[in-house]
Amino acid sequence: MRLSRYFLPVLRDVPKEAEIVSHRLMLRAGMIRQQASGLYSWLPLGYKVLMKVQKIIEEEQNRSGAIQLLMPTIQSADLWRESGRYDAYGKEMLRIEDRHEREFLYGPTNEEMITDIFRAYVKSYKDLPLNLYHIQWKFRDEVRPRFGTMRSREFLMKDAYSFDLSQEDAVKAYERMFVAYMRTYARMGLTAIPMRADTGPIGGDLSHEWIVLADTGESAVFCDRRLLDKPIPGPDTDFRGDLRPIFEDWTSLYAATEEMVDMAEYEAAVPEEFRVSARGIEVGHIFYFGTKYSEPMKATVTGPDGKEITVHMGSYGIGPTRLVPALIEAFHDDAGIIWPVSVAPFEAVLINLKAGDAACDAACDKLCAELEAAGIDMLYDDRDQGAGAKFTTADLIGIPYQIILGPRGLAAGEAEIKHRKTGERETLPIADAVARLKGLIEPQRKTDI
RNA sequence: CGGAGUAUAGCGCAGCCUGGUAGCGCACCUGCUUCGGGAGCAGGGGGUCGCGUGUUCGAAUCACGCUACUCCGACCA
């Protein structure tokens, strides 16, 4: 992608409304634009990151056996009356009336709708277990939206729903999602710690949320330091097998958010040298809630003995529009964002130091074409601007590798690679640049960690 | 929902107290010179001063009302 032809409205000054670093950087890097309180447009660079995050989520959901579909944003009030949540949900739910004065709502979540789909088609125990998910915009009319897309009113959420014959089976479904979540965050380069959580208005009695440690996080958390370097289950994990040992391994060490923490229990469970008391950002939340929805909504299947069985359900949420700022909170420095390769909007940026110079343009055009042909997601800064402006932009938007070529290097037959994360620079023959960048980038794509 | 605050060009701000017809930096456009860490010079374009009502000969400026947005607290992917 040639930057001169791209749409990247970077800001020199920080808009005054932005308080936390991720919000500031998303605005400065031209990733988002606020349209109203808690409502954002995703500009091309931001959207590209959002889609990379979404793709990783999809791949790991699919790997775990969940099946993707898509439900609408607008839902009928009648469905929510069946579960009793139409009245229970309160003002956070955006209620809408259509031209016929029928009542609708902009979905804050989809338990009712997925249960409706399930009960319409699934009649036999032989069709279980089943886990259906979608990635769709949600709306919750937050009292106080803030921190950019971290807490917006309209947000994208991956929500999965599991259906099982018994509590025992439902817990297995819960464990599959648990492992899928561990892998999802790891592929984005994030260290996210599963913590026992309050079940909130969704209800239920088994719940974990994943927390990324960050000073700007909204919740206080207490956990065992040994959770931070625990190895993540690999790509060969058998999701049809017994995941109990992995689940127990991860949940054996103490970790809880402020709503759930019992300080005496925490101090008893965690030796002092391993205690971590910090702030964190919630990036995912999973629940087992039994028959809370299947019971009132009559989601049943016929069992082997011919009797009706009310299914046990769980729901599993990750917010991609929150993960993007969470990633920035985790990965940035004074100069800007530092994307992990797996979610970077571009994997490398080619900086033409003297755009307009015929020889330099020709060499850069050729190198860029070769890098693209090698499968690298490239941004090509071909703008007619000073070198400083280009370096500043590249640093700000956080592209993992900068490959720098100018008249001086061209005369020597050399290009330079700058590693955004470490600041390290290496000079190498132009002819070696493609192989070198490929070698650096490919292992970091984490497509099969 | 309680408390505090802001609203003037795309962004950041000054002007308001003490009313006299709007300014600075960046960005943008043109030309020339530049080109390894946000280049220089010269010229240029762009504003219903959030909205409404009032006071006044005259309102960005004073008064009243409204709206939007932000921050702090109670709630949440």
Side-chain angles (χ1 to χ4, degrees), chain A residues 9-20 23-24 27-28 30 33-39 53 57 89-93 107-110 135-160 181 192 197-202 207-212 217-219 257 259 281-287 315-326 335-336 351-357 360 381 383-396 402 404-410 412 414-416 418 423 425 427:
Chain A
V10 297
L11 269 34
R12 192 167 197 142
D13 299 306
V14 188
K16 61 171 179 240
E17 72 268 16
E19 282 294 313
I20 64 169
H23 189 193
R24 279 202 292 267
L27 290 165
R28 286 194 58 211
R33 173 175 173 78
Q34 181 172 350
Q35 304 292 168
S37 177
L39 301 175
V53 165
I57 293 170
Y89 219 94
K91 299 190 81 170
E92 220 172 81
M93 185 155 76
T109 176
N110 284 64
I135 297 178
Q136 177 62 289
W137 292 93
K138 307 293 190 292
F139 191 94
R140 293 183 190 174
D141 200 355
E142 295 277 349
V143 177
R144 191 179 157 215
R146 61 187 128 165
F147 304 150
T149 67
M150 185 85 81
R151 173 168 305 290
S152 49
R153 295 194 293 171
E154 187 183 53
F155 60 97
L156 199 55
M157 182 164 82
K158 184 286 301 180
D159 38 328
Y181 274 39
D198 190 9
T199 52
I202 294 185
S207 178
H208 284 85
E209 59 190 33
W210 274 262
I211 301 285
V212 172
E218 291 190 82
S219 31
T257 60
E259 299 86 33
I281 302 166
E282 181 186 345
V283 292
H285 202 158
I286 67 177
F287 306 84
S315 76
Y316 314 88
I318 289 186
T321 47
R322 172 179 284 188
L323 266 171
V324 173
I351 295 177
N352 179 348
L353 285 178
K354 195 165 182 179
D357 176 90
C360 208
D381 193 344
R383 294 173 302 168
D384 182 17
Q385 295 209 359
K390 296 186 181 191
F391 293 137
T392 305
T393 300
D395 287 346
L396 172 65
Q402 298 170 16
I404 302 156
L405 186 53
R408 208 168 74 199
L410 187 56
E414 287 176 340
E416 187 178 329
K418 178 185 163 185
R425 295 162 182 279
T427 301

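In what follows, every chain begins at residue 1, and chains take the letters A, B, ... in the order their sequences are listed.
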So does [Y] get a backbone contact from the side chain of [X], meaning a donor-acceptor N/O pair under 3.5 Å?
{"X": "Thr321(A)", "Y": "Leu156(A)", "result": "yes"}
{"X": "Lys390(A)", "Y": "Arg383(A)", "result": "yes"}
{"X": "Arg140(A)", "Y": "Glu154(A)", "result": "no"}
{"X": "Tyr316(A)", "Y": "Tyr181(A)", "result": "no"}
{"X": "Glu142(A)", "Y": "Arg144(A)", "result": "no"}

Check: protein-nucleotides 46-52 of chain B nitrogen or oxygen pairs below 3.5 Å:
none

(request) Specify the residue among Ile318(A) and Glu19(A) whose closest nucleotide of RNA chain B lies further upstream toward the 5′ end. (result)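 That would be Glu19(A).
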(request) For Phe147(A) and for Val10(A), locate the closest nucleotide of RNA chain B by heavy-atom distance; then report the residue assigned to the nucleotide nearer the 5' terminus. (result)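 The residue whose closest nucleotide sits nearer the 5' end is Val10(A).
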Scan every strand shown for a Watson-Crick or G-U wobble partner of [N], both distances under 3.5 Å, and answer none if you come up empty.
{"N": "C62(B)", "result": "G54(B)"}
{"N": "G46(B)", "result": "none"}
{"N": "A7(B)", "result": "U67(B)"}
{"N": "G73(B)", "result": "C1(B)"}
{"N": "A22(B)", "result": "none"}
{"N": "A14(B)", "result": "none"}
{"N": "U34(B)", "result": "none"}

Atom [atom1], compared across [N] and [M]: separation rounded to whole Å:
{"N": "C11(B)", "M": "C28(B)", "atom1": "P", "value": "15 Å"}
{"N": "C51(B)", "M": "A7(B)", "atom1": "C1'", "value": "11 Å"}
{"N": "G50(B)", "M": "C29(B)", "atom1": "P", "value": "28 Å"}
{"N": "A27(B)", "M": "A42(B)", "atom1": "P", "value": "15 Å"}
{"N": "G12(B)", "M": "U30(B)", "atom1": "C1'", "value": "26 Å"}
{"N": "C13(B)", "M": "U67(B)", "atom1": "C1'", "value": "23 Å"}
{"N": "A77(B)", "M": "G23(B)", "atom1": "C1'", "value": "46 Å"}
{"N": "C26(B)", "M": "A22(B)", "atom1": "P", "value": "22 Å"}

If you restrict it to nitrogen or oxygen atoms, what contacts under 3.5 Å exist between nucleotides 33-36 of chain B and the protein, and what is each distance?
from   : atom 1 : to        : atom 2 : distance (Å)
G36(B) : N1     : Glu416(A) : OE1    : 2.9
G36(B) : N2     : Glu416(A) : OE1    : 2.5
G36(B) : N2     : Glu416(A) : OE2    : 3.0

Atom pair distance, as rounded to whole Å: [atom1] in [X] and [atom2] in [N]:
{"X": "Phe139(A)", "N": "A77(B)", "atom1": "CZ", "atom2": "C1'", "answer": "14 Å"}
{"X": "Arg383(A)", "N": "A39(B)", "atom1": "CZ", "atom2": "P", "answer": "11 Å"}
{"X": "Glu209(A)", "N": "A77(B)", "atom1": "CD", "atom2": "C1'", "answer": "10 Å"}
{"X": "His23(A)", "N": "U70(B)", "atom1": "NE2", "atom2": "C1'", "answer": "10 Å"}
{"X": "Arg28(A)", "N": "C26(B)", "atom1": "CZ", "atom2": "C1'", "answer": "13 Å"}
{"X": "Glu142(A)", "N": "C69(B)", "atom1": "CD", "atom2": "P", "answer": "15 Å"}
{"X": "Leu27(A)", "N": "U70(B)", "atom1": "CG", "atom2": "P", "answer": "11 Å"}
{"X": "Arg153(A)", "N": "A68(B)", "atom1": "CZ", "atom2": "P", "answer": "10 Å"}

Mind checking if [X] touches a base, just sugar-phosphate, or nothing, with heavy atoms under 4.0 Å?
{"X": "Asp159(A)", "result": "nothing"}
{"X": "Lys418(A)", "result": "base"}
{"X": "Thr257(A)", "result": "nothing"}

Using nucleotides 9-14 of chain B, report all nitrogen or oxygen pairs with the protein that are shorter than 3.5 Å.
from   : atom 1 : to       : atom 2 : distance (Å)
C11(B) : O2     : Asp13(A) : OD2    : 3.3
G12(B) : OP1    : Lys16(A) : N      : 3.3

Of all the heavy-atom pairs spanning [X] and [Y], show the shortest one and how long it is.
{"X": "Lys158(A)", "Y": "Ala160(A)", "result": "NZ-CB, 3.6 Å"}
{"X": "Ile281(A)", "Y": "Gly217(A)", "result": "CG1-CA, 3.7 Å"}
{"X": "Ser207(A)", "Y": "His285(A)", "result": "OG-NE2, 2.9 Å"}
{"X": "Arg153(A)", "Y": "Pro145(A)", "result": "CG-CG, 3.6 Å"}
{"X": "Met157(A)", "Y": "Pro108(A)", "result": "CE-O, 4.3 Å"}
{"X": "Ile211(A)", "Y": "Glu282(A)", "result": "CD1-CA, 3.9 Å"}

(message) What's the separation between atom NZ in Lys354(A) and atom CG in Asp384(A), rounded to the nearest 0.5 Å?
(response)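 The distance works out to 10.5 Å.
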(request) With rounding to the nearest 0.5 Å, note down the distance linking CG in Leu405(A) to CD1 in Ile351(A). (result)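 That separation rounds to 11.0 Å.
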Selected nucleotide, minimal atom distance to [X] side chain, candidates [options]:
{"X": "Ala36(A)", "options": "C75(B), C69(B), C72(B)", "answer": "C69(B)"}
{"X": "Lys91(A)", "options": "C1(B), C72(B), U70(B)", "answer": "C1(B)"}
{"X": "Glu282(A)", "options": "A77(B), C69(B), C1(B)", "answer": "A77(B)"}

(message) Is Thr321(A) close enough to A77(B) that one of its side-chain N or O atoms is under 4.0 Å from OP1 or OP2 there?
(response)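 No, outside the criterion.
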(message) Checking Asp159(A) against Gln136(A): is there a side-chain donor and acceptor pair closer than 3.5 Å?
(response)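 Note: Gln136(A) and Asp159(A) side chains miss the donor-acceptor criterion.
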(request) Could you label the plane-to-plane angle of the Trp210(A) and His208(A) rings as parallel, tilted or perpendicular, counting under 30° as parallel and over 60° as perpendicular? (result)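 Ring orientation, 0 to 90° scale: tilted.
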